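Have a look at the structure below before the remarks.
Proteins come first, then strands; the chains are lettered A, B, ... in the order of their sequence lines, and each starts at number 1. These numbers were taken from a predicted model, which means no experiment stands behind them.
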Number of protein chains: 2
Amino acid sequence: MTDEPPPVIWARLSSQGRGPARTLDYRAITTAAIALADEDGVDAVSMRKVAGRMDHSPMSLYRHIGSKEDLTELMYDAVLGELDLTGIPSGSWRADVARLAGEMRRLHHAHPWIVRFGHRPSLGPNARRFLETGLACVDGLGLDIDGMLDLLSTALQFTRGFVVQELGEVEAQRRTGLDFAGYQRHTGPFITQLLQEGGLPYLRRLVLEAEDLPDPDVVFERRLGMVLDGLAAGIGRRG
Amino acid sequence: MTDEPPPVIWARLSSQGRGPARTLDYRAITTAAIALADEDGVDAVSMRKVAGRMDHSPMSLYRHIGSKEDLTELMYDAVLGELDLTGIPSGSWRADVARLAGEMRRLHHAHPWIVRFGHRPSLGPNARRFLETGLACVDGLGLDIDGMLDLLSTALQFTRGFVVQELGEVEAQRRTGLDFAGYQRHTGPFITQLLQEGGLPYLRRLVLEAEDLPDPDVVFERRLGMVLDGLAAGIGRRG
DNA sequence: TCTAGTCGCGTACGCTGTATACGTCTAACT
DNA sequence: AGTTAGACGTATACAGCGTACGCGACTAGA
């Protein structure tokens with residue numbers, strides 16, 4: 001009888017046994033928590049508030065999920081289910097990987113809070129589906145499984161980094177309750193002061209020469225395109 | 001007299017005026033908080049524990065920093081100061097960007113908690129230094145400032161995404177208190193069960209065919225190399 | 001019919017960030 | 001030189017958090 005840690009959450013989701021009929025289950029809890037996070041931000045997700053939204057007591061949730069950390073994993077996998085993977089693999093690995101990356105980015109915009117939760121490796125049903133579809137897109141190119149993983153992961157890791165930065169700015173605005181103009185008014189004086197002090201030639205060039213309001217979609221597609229170029233070259237060399 | 005939000009934290013760091021001599025300052029607080037995060041994990045960083053480590057009362061910290069959120073920003077910028085940027089720019093943009101990416105990755109391994117804090121855009125002194133050095137590395141290639149930013153950001157965004165995933169696994173092990181073998185014993189039965197159920201051909205191939213314990217340094221360098229290939233092609237086209 | 005085990009919940013504990021009010025100290029002003 | 005405005009560190013307090021524990025109500029399997 002070793003003191004094992006509890007098994008992976010996905011193996012622990014119980015089904016109805018004896019006892020009173022359930023008025024609650026982990027799916028409903030997850031849905032409520034996601035709605036709360038979407039509406040009021042991730043910091044508003046507390047066991048008490050989630051329970052309150054379902055007209056239940058806080059402790060009732062613990063009959064269905066082991067901990068708040070489990071709940072975040074359920075939330076993450078649940079939103080992965082919103083990925084639209086229809087029509088892929090299509091036969092063109094490059095188009096498919098771009099689709100996957102775009103879908104991932106879209107998902108982060110729909111649920112900005114996942115950048116705070118998605119650090120953990122996940123084995124949920126939707127993560128599994130995503131992995132299967134993703135690897136199917138890069139199959140048949142003459143690569144072994146490690147090469148396929150390189151292709152897919154590199155594109156998605158770039159996407160993740162891009163989105164983290166993108167949402168960092170969005171969230172900073174949301175938290176301070178400012179729109180973009182207000183945010184600029186907020187940081188502007190400080191940047192002006194920095195530039196007057198000198199010694200920051202590239203910050204100066206950024207302020208003076210950089211495109212004013214670059215379309216983030218365009219920037220993403222452009223950079224993703226460069227990443228995919230590099231991956232394509234890698235296939236030629238290894239495949 | 002509009003009700004402005006407080007200015008950027010970096011413009012708010014006070015200097016000694018009248019009143020008793022200080023026994024505390026934001027630098028010392030930041031150092032203590034970083035030590036705490038390094039030793040006991042990011043969740044152990046509380047105002048009370050940071051204060052306790054310095055033999056002060058919790059509220060004394062608020063004379064020097066505005067909020068805990070400010071403290072995290074100070075912590076993030078402080079560790080950016082540990083980046084070793086000597087010898088760059090060296091003249092080879094590709095070597096330099098690879099160095100920057102490697103340094104960033106090294107920093108995340110030294111302070112894994114920064115993946116939880118580094119979402120915000122930062123204007124601290126070390127972030128400024130990093131930006132200046134980074135853009136200097138991609139100057140002189142015939143690119144405008146937006147092209148330079150594409151080059152640098154794409155590589156660093158990939159790095160960030162890579163490291164987030166890498167550390168997600170490390171942290172998952174740390175939290176559960178398991179080493180890699182224990183972690184495999186933890187998830188193994190569930191994965192076995194999934195494979196027996198069938199329908200996950202690529203997960204099966206990953207388990208059966210993928211390299212067992214790939215050296216993460218090698219994987220990182222390989223993928224970063226592909227990204228840099230793509231960026232190089234982009235220079236040829238635009239520069 | 002009995003009972004083991006699940007259901008939802010009330011209470012309680014230790015922790016968190018931080019608002020507020022306090023006496024103390026000192027640089028700057030009269 | 002005397003006064004004072006304001007920064008210093010701190011004690012107290014409050015609302016909110018995750019969740020351990022124990023309760024009566026309920027019901028599927030023995």
Write down the atom of A:Arg106, the atom of A:Glu82, and the distance for their closest heavy-atom approach. NH2-O, 3.5 Å

Measure the shortest side-chain to side-chain distance between A:Asp43 and A:Arg116 over non-hydrogen atoms and say whether it is less than 4.5 angstrom. yes

Picking from B:Gln165, B:Glu166, B:Gln157, what satisfies side-chain hydrogen bond (donor to acceptor under 3.5 Å, both in side chains) with A:Gln157? B:Gln165

Protein-nucleotide distance ([X], atom [atom1]; [N], atom [atom2]), rounded to Å:
{"X": "B:Met47", "N": "D:dG9", "atom1": "CE", "atom2": "C1'", "result": "14 Å"}
{"X": "A:Leu61", "N": "C:dT6", "atom1": "CG", "atom2": "P", "result": "18 Å"}
{"X": "A:Asp43", "N": "C:dG17", "atom1": "CG", "atom2": "P", "result": "13 Å"}

For residues 189-199 of chain A, run the donor-acceptor check on the side chains, cut-off 3.5 Å, and write out each pair with its distance to 0.1 Å, sequence neighbours left out.
unit_1, atom_1, unit_2, atom_2, d
A:Thr192, OG1, A:Gly188, O, 2.9
A:Gln193, NE2, A:Glu197, OE2, 3.2

Could you run down the sub-3.5 Å N/O contacts of the protein with nucleotides 7-15 of chain C?
unit_1, atom_1, unit_2, atom_2, d
C:dC7, OP1, A:Arg22, NE, 2.6
C:dC7, OP1, A:Arg22, NH2, 2.7
C:dC7, N4, A:Arg63, NH2, 3.1
C:dG8, OP1, A:Thr23, N, 2.7
C:dG8, OP1, A:Thr23, OG1, 2.9
C:dG8, OP1, A:Leu24, N, 3.2
C:dG8, OP2, A:His64, NE2, 2.5
C:dG8, N7, A:Arg63, NE, 2.9
C:dG8, O6, A:Arg63, NH2, 2.6
C:dC9, OP2, A:Ser57, N, 2.9

Counting distance only, does the side-chain N/O of A:Glu73 pair as donor-acceptor with the main-chain N or O of A:Ser122 below 3.5 Å? no

Any donor and acceptor pair, going by atom type alone, linking the side chain of B:Arg160 with main-chain N or O of B:Met104 inside 3.5 Å? no

Are there over 12 heavy-atom neighbours, none belonging to A:Arg27, within less than 6.0 Å of that residue's CZ? no

Nucleic acid contacts of residues 68-75 of chain B, taken as heavy-atom distances under 4.0 Å to DNA chain C: B:Lys68

Angle class for the A:Phe158/A:Phe220 ring planes (parallel below 30°, perpendicular above 60°, tilted otherwise)? parallel

